[in-house]
Amino acid sequence: MLDQRRKQLLDAMGIRRWVRRDLPVQVSPEPVLEDVQPVGDLQPSPSGESPAKDWDALRTQVAACEKCALHASRTQTVFGTGDRTAELLIIGEAPGADEDRQGEPFVGRAGKLLDQMLLAAGYERDMVYIANILKCRPPNNRNPASDEILACSGYLAAQIAMIRPKAILSVGAISATSLLQTDLSVGRLRGEVHYFGERRIPLIVTYHPAYLLRQPAQKPSAWLDLQLLMRVLRGAA
């Protein structure tokens, strides 16, 4: 049986309690997506500058970055946060207005929902590492441009290399399409274990918390994604 804390978290997420962690994961009957497995590493930055290989130097490098036009409109960069030796890496899309002000990914309502999702999966926020595809906020929260994603890709690749996570949770369409180098939707990509880079890090795709706030009917699907993630982390998938 689920403990009382997890029941409360699932209730807060809008998921009925009968969806249990210990049941086999129910995935959609869609075909295995062989065309996106395995995937390559993120592309290096076109600037020719190599990302730093230690955390402090990389953070300094990101804070001073002017590789794309986003540096002109940002309040500050959003480097990432959490346990630098975490087994689980969360990769979102791009900072929003709250993130741009606070310099931390996934704050505000979407961040609170992500925290609930992680707790339901057995993780405190400080037990994982959270980063985004972009380190700067696009104006008016528009989708990132391809050159902006490319400019930031070396930084994210350096973070992944230093963390060496056991699994990646890709959150939202921009994250999934960038990491998997595909144009398939989140709905098509979720429900499968994908693999990232030469180390073939298991990667699970799920909906962005901001999307779940707009479409709460998809919360049970996100919980199934978290169940699949937990199975991967336990070595059972």
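Taking OG1 from Thr77 and CG from Leu134, the interatomic distance works out to 12.0 Å, rounded to the nearest 0.5 Å. Taking OH of Tyr123 as the reference point, atom CG of Leu169 lies at 10.5 Å (rounded to 0.5 Å). If you take CG on Leu224 and CD on Gln218, they are separated by 10.5 Å, rounding to the nearest 0.5 Å. Here the straight-line distance linking atom SG of Cys136 with atom NZ of Lys67 works out to 11.0 Å at 0.5 Å rounding.
Contact check for Leu119 versus Glu124: side-chain heavy atoms found under the 4.5 Å cut-off. Side-chain contact between Leu89 and Gln159: absent, with no pair of heavy atoms (C-beta onward) separated by less than 4.5 Å. Put simply, the side chain of Leu156 reaches to within 4.5 Å of the side chain of Ile133, judged on heavy atoms. At a threshold of 4.5 Å between non-hydrogen side-chain atoms, the residues Ile204 and Val193 count as touching. Using a 4.5 Å heavy-atom threshold, the side chains of Thr177 and Asp183 count as separate. Here the side chains of Ile91 and Ser170 are not in contact, with every heavy-atom distance at 4.5 Å or above. Looking at Pro105 and Thr81, their side chains come closer than 4.5 Å, going by heavy atoms from C-beta outward. A 4.5 Å side-chain heavy-atom check between Arg190 and Ser221 finds at least one atom pair inside the cut-off.
Using the six-membered ring where Trp is involved, Phe79 and Trp55 have ring planes that are perpendicular, over 60° apart on the 30 and 60° scheme.
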message: Before you tell me yes or no, could you show the steps for Ile174 and Asn132 under side chain to side chain contact (heavy atoms under 4.5 Å, CB included), namely the whole-Å CA-CA distance, both residues' side-chain angles and the distance that decides it to 0.1 Å?
response: CA-CA 10 Å; Ile174 300 300; Asn132 282 320; over 6 Å; no
message: Under the criterion side chain to side chain contact (heavy atoms under 4.5 Å, CB included), I'd like the reasoning laid out for Ile160 against Ile201: C-alpha separation, chi angles, the key distance, then a yes or no.
response: CA-CA 10 Å; Ile160 295 171; Ile201 303 169; 3.8 Å; yes
query: Which is it for Phe106 and Asp115 under the side chain to side chain contact (heavy atoms under 4.5 Å, CB included) test, yes or no, and what are the steps along the way?
result: CA-CA 9 Å; Phe106 283 97; Asp115 290 348; over 6 Å; no
message: Thr206 vs Leu212, test: side chain to side chain contact (heavy atoms under 4.5 Å, CB included). Steps then yes/no.
response: CA-CA 10 Å; Thr206 195; Leu212 295 176; 5.8 Å; no
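Across Ala151 and Cys68, no two heavy atoms sit closer than the pair CB-CB, 4.2 Å. Nearest heavy-atom pair across Ile163 and Ala86 is CG2-O, 3.5 Å. Summarising the geometry of Pro138 relative to Leu70, their closest heavy-atom pair is CA-CD2, 3.7 Å, with the distance given to 0.1 Å. The two residues Val232 and Pro202 make their nearest non-hydrogen contact at CG1-CB, 3.6 Å. Between His71 and Cys65, the shortest heavy-atom distance links the atoms CB-O, 3.5 Å.
Within a 6.0 Å radius of NZ in Lys166, more than 12 heavy atoms belonging to other residues, nucleotides or ligands are found. Enclosure of atom CZ in Arg84 by more than 12 non-hydrogen atoms of other residues, nucleotides or ligands within 6.0 angstrom is indicated. The 12-atom threshold is exceeded at CG of Asp54, counting heavy atoms of other residues, nucleotides or ligands nearer than 6.0 Å.
Tyr129 and Val78 fall into different hydrophobic clusters, where Ile, Leu, Val, Met, Phe, Trp and Tyr residues are linked whenever their side-chain heavy atoms come under 4.5 Å apart, directly or through other members. Using a 4.5 Å cut-off between side-chain heavy atoms of Ile, Leu, Val, Met, Phe, Trp and Tyr, with links allowed through other members, Met127 and Val107 fall into different hydrophobic clusters.
Side-chain N or O atoms of His208 include none that pairs as donor or acceptor with a backbone N or O of Ser175 at under 3.5 Å. Of the possible donor and acceptor atoms, none in the side chain of Glu104 sits under 3.5 Å from a partner among the backbone N and O of Glu99. With hydrogens and angles disregarded, a donor-acceptor distance shorter than 3.5 Å links the side chain of Asp100 to the backbone of Thr75. Under the 3.5 Å distance criterion, the side-chain polar atoms of Glu192 are left unmatched by any main-chain donor or acceptor of Leu189.
Under the 4.0 Å criterion applied to side-chain N and carboxylate O atoms, Asp56 and Arg59 are not assigned as salt-bridge partners.
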